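Worksheet: one structure, shown below.
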Number of protein chains: 2
Amino acid sequence: MAGDRVARAVRSAGRRPGVSGTREAILAAALRAFATSGFRGASLRAIANDAGVDPALIRHYFGDKASLFAQAVADGSGIVARMSAVLDQRGPDQGRRAIDAYLGLWEDPDNLAVIRAMIGTAMTAPEALESLRGVLLARVASRAPGGADSPGVALAASQLLGLAFARYVIQIPSVAAMPRDELLDLVAPTIDRYLALGEAPA
Amino acid sequence: MAGDRVARAVRSAGRRPGVSGTREAILAAALRAFATSGFRGASLRAIANDAGVDPALIRHYFGDKASLFAQAVADGSGIVARMSAVLDQRGPDQGRRAIDAYLGLWEDPDNLAVIRAMIGTAMTAPEALESLRGVLLARVASRAPGGADSPGVALAASQLLGLAFARYVIQIPSVAAMPRDELLDLVAPTIDRYLALGEAPA
DNA sequence: CCGGGAACTCCTCACTTGTGGAATTCCTGG
DNA sequence: CCAGGAATTCCACAAGTGAGGAGTTCCCGG
């Protein structure tokens with residue numbers, strides 16, 4: 001039997017040659033897992049398996065499960081900035097363009113994973129809610145014309161959120177199946193009206 | 001020592017005298033747990049403990065954890081009917097009345113628990129998503145004028161959902177702190193416009 | 001060229017979870 | 001008044017969890 005397991009065998013332990021991108025693979029897998037199973041439901045073993053890696057490596061790189069989550073969300077949270085930046089542009093067809101850009105963000109599977117991870121965890125973990133609100137508000141508040149965070153922008157954001165939720169999460173047929181152009185036509189006036197609230201104040 | 005543990009002692013096993021309302025206590029505790037921890041995160045032992053009951057009683061009454069969830073949601077899902085009924089009433093100030101009624105539903109802690117349980121679980125458990133969509137659509141589809149489920153009603157629902165989410169879950173300051181009347185004034189035109197879509201088709 | 005540290009794997013521990021069986025006490029219908 | 005069932009408890013199990021220790025292989029700076 002000693003002659004049997006010659007060289008490679010089980011590839012046992014030890015460092016691999018070359019660069020491996022393991023860290024990034026773990027973060028991506030973690031985001032997927034947190035998005036689809038929530039914080040508690042996502043298991044480190046499943047994440048490691050998805051990343052093609054030993055579970056102990058997660059501990060090696062990130063320590064805690066909570067730290068893993070924080071890192072994964074922070075890593076992918078550039079999309080939060082892009083989500084709120086969507087409402088920055090002004091102009092004649094600002095509503096149409098905002099909705100179009102916003103829906104585009106939700107249609108990217110990677111972004112969807114981040115969003116679902118944040119919202120899903122925010123629903124079940126108070127401290128995650130804190131950080132989510134913090135990140136969202138830091139952006140929203142920064143671009144208010146009047147200094148405070150503007151009701152118009154917030155209402156526009158609420159419509160966009162509800163729309164994306166209905167279309168991509170709950171998947172209500174009439175909204176999920178509607179052609180993009182038609183959706184834009186129907187919802188753009190709403191966004192335009194909300195955004196105009198901040199421009200003609202008292 | 002025999003004289004010591006006279007009567008009550010550890011209250012060991014056996015049926016309790018009188019009615020107990022245990023079933024209802026379990027359902028209520030389950031709803032709380034699912035709302036705050038999600039489907040996976042809620043443990044049967046924690047639910048039983050919250051209800052002041054032995055974990056095995058859950059199995060006795062409901063069998064599966066999934067069945068428990070289904071029962072708990074179905075039990076509290078009168079609110080789903082009320083949520084979609086909100087969009088039934090027509091008239092001059094239909095938008096205002098719909099928003100007012102809808103927000104009222106979210107402000108009841110019991111209802112909020114059901115909603116959070118459904119949404120939180122829908123985000124993290126595909127099979128729960130199926131049943132959630134089914135329940136919602138059975139109601140929404142039933143009152144469509146054209147026979148199919150109407151885009152106008154669905155869009156109105158998406159705005160209401162996003163609004164409630166921003167106000168009660170994420171708690172964006174400018175939306176959460178806004179007086180009810182002001183909110184109604186700002187959002188009612190949107191709802192009115194969406195609902196009018198179904199009335200003047202081609 | 002060699003030694004320290006980084007990358008990586010295996011194994012184990014203590015704990016929690018969902019599920020289920022068996023026993024006990026009480027209520028109620030005949 | 002008594003038998004059957006309902007309500008309730010304790011105990012046990014197998015599986016999965018997060019955490020951590022110990023060892024192995026490789027890379028790179030001196």
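Computed from a predicted model, the values in this text were never measured in an experiment. Throughout, a chain's letter reflects where its sequence line sits, starting with A, and its residues are numbered from 1.
- Side-chain N/O atoms of Thr22(B) include one lying less than 4.0 angstrom from OP1 or OP2 on dT8(D).
- DNA chain D is contacted by Leu57(B), His60(B), Tyr61(B) of residues 57-65 of chain B, taking any non-hydrogen atom closer than 4.0 Å.
- Pairing each heavy atom of Tyr194(B) with each of Leu186(A), the nearest pair is CE2-O, 3.7 Å.
- If you check distances only, the side chain of Arg45(B) does reach the base of dG18(C) with a donor-acceptor pair under 3.5 Å.
- The number of heavy-atom neighbours closer than 6.0 Å to CZ of Arg40(B), taken from other residues, nucleotides and ligands shown, is 12 or below.
- Comparing Leu44(A) and Ala56(A) by the nucleotide of DNA chain D that holds the closest heavy atom to each, the one mapping nearer the 5' end is Leu44(A).
- Looking at heavy-atom distances under 4.0 Å, Ala42(A) makes contact with sugar-phosphate atoms alone, never a base.
- To the nearest 0.5 Å, the span separating CG on Leu57(B) from CG on Leu44(B) amounts to 12.0 Å.
- Nucleotide dA6(D) holds its P atom 13 Å from the CZ atom of Arg23(B), rounded to whole Å.
- Note on Ser43(A): a side-chain N or O is less than 4.0 Å away from OP1 or OP2 of dT17(D).
- Atoms CG and CD1, on Asp93(B) and Ile191(B) in that order, are 13.0 Å from each other to the nearest 0.5 Å.
- Taking atom CG on Asn49(A) and atom C1' on dT17(D), their separation rounds to 15 Å, with Å as the unit.
- Closest approach of Phe62(B) to Ser67(B), counting heavy atoms only: O-CB, 3.3 Å.
- The distance between atom CG of Asp54(A) and atom P of dG21(D), rounded to the nearest whole Å, is 16 Å.
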Take Gln71(B) and Tyr61(B) through the test side-chain hydrogen bond (donor to acceptor under 3.5 Å, both in side chains) and record every step on the way to the result.
CA-CA 11 Å; Gln71(B) 270 296 309; Tyr61(B) 278 120; over 6 Å; no

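- Nucleotide dG16(D) holds its P atom 12 Å from the CZ atom of Arg40(B), rounded to whole Å.
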